[in-house]
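All values below were derived from every heavy atom in this structure, side-chain atoms included, with hydrogens, water molecules and symmetry-related copies excluded.
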Amino acid sequence: MKKLSCSAFLFSALFFSACKKDSTSLLYDFSKITVTDASCIYISGVDTTDWTYDDSWTDQETGFLKFSDTSVVVTDTATGYIQVDAICPNPNEGLFVMGVNTQRQCKMKLVCVNNEMQVLYYLTRKFTGGSVTTSYDFRSLTAFHKNENYRLYYGFYNSKDSLYYKGHGDFRIE
């Protein structure tokens, strides 16, 4: 009887481990968004992990921001305060704005991925310090689809190309 019980246990363990969900889908949850209106007012559903500093990233997340960007040059070697506001509106039709406030001159790298972690869009922007609103229009890009959620990864760098502030935010296109 013991041999049968051990065999049954091993079979069930192997069976259920084979049915295990993809670890990527367990690691990244795009389903929660911070809901904002067109005036950037929080309406409901604030995701406290979005639009803030991320303490740690996986190697995959860090790798998203390693694209080449030689056209944007910053000269400030110091780091400073960064504030990223939730995009608005969220959800949206693929057109939204994001507020950014930087203490010093810096470079922001931004990457947008789908829930399969495929890179759909990336860019680099230079900020000279102070508050600015940046706009994004994904409506004509065929990689973006209605009724799906996406994630923006952002990182801020000084002139030594040193990443000193990083985060993410999820949004929905409807």
Side-chain angles (χ1 to χ4, degrees), residues 20-34 36 46-88 90-92 94-145 148-173:
K20 198 173 172 182
K21 273 189 162 181
D22 176 22
S23 62
T24 301
S25 64
L26 296 174
L27 192 59
Y28 307 103
D29 180 8
F30 290 27
S31 65
K32 298 178 206 161
I33 65 169
T34 299
T36 59
V46 174
D47 181 354
T48 58
T49 67
D50 283 351
W51 316 113
T52 187
Y53 178 76
D54 289 347
D55 288 324
S56 62
W57 275 356
T58 64
D59 290 340
Q60 180 182 27
E61 291 173 303
T62 303
F64 289 144
L65 299 180
K66 291 191 175 183
F67 61 88
S68 180
D69 64 341
T70 56
S71 64
V72 176
V73 177
V74 295
T75 56
D76 202 335
T77 58
T79 61
Y81 171 83
I82 302 286
Q83 178 185 339
V84 177
D85 296 328
I87 67 162
C88 55
N90 194 14
N92 57 68
L95 176 66
F96 57 88
V97 298
M98 179 173 76
V100 176
N101 188 3
T102 64
Q103 183 179 6
R104 295 179 171 29
Q105 181 192 70
C106 61
K107 172 179 18 179
M108 178 187 77
K109 289 185 178 182
L110 182 129
V111 173
C112 185
V113 299
N114 61 16
N115 59 11
E116 295 172 4
M117 303 304 278
Q118 297 169 324
V119 174
L120 306 177
Y121 177 86
Y122 61 93
L123 69 77
T124 304
R125 287 209 162 123
K126 178 180 180 177
F127 297 109
T128 57
S131 186
V132 65
T133 300
T134 61
S135 62
Y136 304 88
D137 188 353
F138 297 157
R139 293 174 296 179
S140 65
L141 302 178
T142 58
F144 293 90
H145 307 285
E148 290 191 26
N149 289 15
Y150 299 92
R151 175 165 289 176
L152 288 177
Y153 285 101
Y154 48 84
F156 292 84
Y157 298 79
N158 66 6
S159 67
K160 301 291 184 191
D161 213 24
S162 175
L163 174 65
Y164 66 93
Y165 188 94
K166 62 187 181 204
H168 78 275
D170 299 324
F171 68 97
R172 181 166 181 80
I173 293 181

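- Remark: the backbone N or O of His145 is paired with a side-chain donor or acceptor of Tyr150 at under 3.5 angstrom.
- Contact detail for Gly80 and Tyr164: the closest heavy-atom pair is O-CE1, 3.3 Å.
- Ring to ring, Tyr153 and Trp57 are close: their centroids are under 6.0 angstrom apart.
- Contact check for Tyr157 versus Val74: no side-chain heavy atoms found under the 4.5 Å cut-off.
- Of the possible donor and acceptor atoms, none in the side chain of Thr124 sits under 3.5 Å from a partner among the backbone N and O of Lys109.
- By the 4.5 Å heavy-atom criterion applied to side chains, Lys32 and Thr49 are not counted as neighbours.
- Listed for the Asn90 side chain is a donor-acceptor partner under 3.5 Å among the backbone atoms of Arg172.
- Remark: side-chain polar atoms of Arg151 are paired, donor with acceptor, to backbone N or O of Asp29 under 3.5 angstrom.
- Nearest heavy-atom pair across Thr34 and Ala86 is CG2-CB, 4.2 Å.
- Tested against Gln105 for a side chain to side chain donor-acceptor pair (under 3.5 Å), the candidates Thr77, Thr75, Asp76 yield a single pass: Thr75.
- A heavy-atom distance below 4.5 Å is found between the side chains of Ile33 and Pro91.
- Taking OG1 of Thr79 as the reference point, atom CZ of Arg104 lies at 7.0 Å (rounded to 0.5 Å).
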Can you check side chain to side chain contact (heavy atoms under 4.5 Å, CB included) on Phe30 and Met117, steps first, answer last?
-> CA-CA 10 Å; Phe30 290 27; Met117 303 304 278; 3.7 Å; yes
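- Considering only heavy atoms from C-beta on, Met98 stays 4.5 Å or farther from Asp85 through its side chain.
- Considering CD of Glu61 and NE2 of His168, their distance stands at 7.5 Å, rounded to 0.5 Å.
- You'll find the side chain of Asn92 reaches within 4.5 Å of the side chain of Ile173, heavy atoms only.
- Contact detail for Thr102 and Cys106: the closest heavy-atom pair is CG2-SG, 3.6 Å.
- Here Tyr154 pairs with nothing under the ring-ring contact (aromatic ring centres under 6.0 Å, His included) rule; sequence neighbours left out.
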Evaluate the side chain to side chain contact (heavy atoms under 4.5 Å, CB included) criterion for residues Trp51 and Thr36: first the C-alpha distance (whole Å), next the side-chain angles of each, then the deciding distance (0.1 Å), finally the verdict.
-> CA-CA 12 Å; Trp51 316 113; Thr36 59; over 6 Å; no
Apply side chain to side chain contact (heavy atoms under 4.5 Å, CB included) to the pair Phe67 and Val111, showing each step before the final yes or no.
-> CA-CA 10 Å; Phe67 61 88; Val111 173; 3.6 Å; yes
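- Rounded to the nearest 0.5 Å, atoms CD1 (Ile87) and CZ (Phe171) are 5.5 Å apart.
- A distance of 9.5 Å separates OG1 in Thr52 from CD in Gln83, rounded to the nearest 0.5 Å.
- For the pair Asn149 and Asp170, the minimum side-chain heavy-atom distance is 4.5 Å or more.
- For the pair Leu110 and Arg125, the minimum side-chain heavy-atom distance is 4.5 Å or more.
- Aromatic ring orientation, Tyr136 versus Tyr121: perpendicular (interplanar angle above 60°, classes split at 30° and 60°).
- Listed by chain and residue number, Tyr165 satisfy the ring-ring contact (aromatic ring centres under 6.0 Å, His included) test with Tyr53 (two or more places apart in sequence, or in another chain).
- Judged purely by atom type and a 3.5 angstrom limit, Lys126 uses its side chain to pair as donor or acceptor with the backbone of Val73.
- Considering all non-hydrogen atoms of both residues, Phe144 and Cys112 come closest at CE2-SG, 3.5 Å.
- Looking at Phe156 and Leu65, their side chains never come closer than 4.5 Å, going by heavy atoms from C-beta outward.
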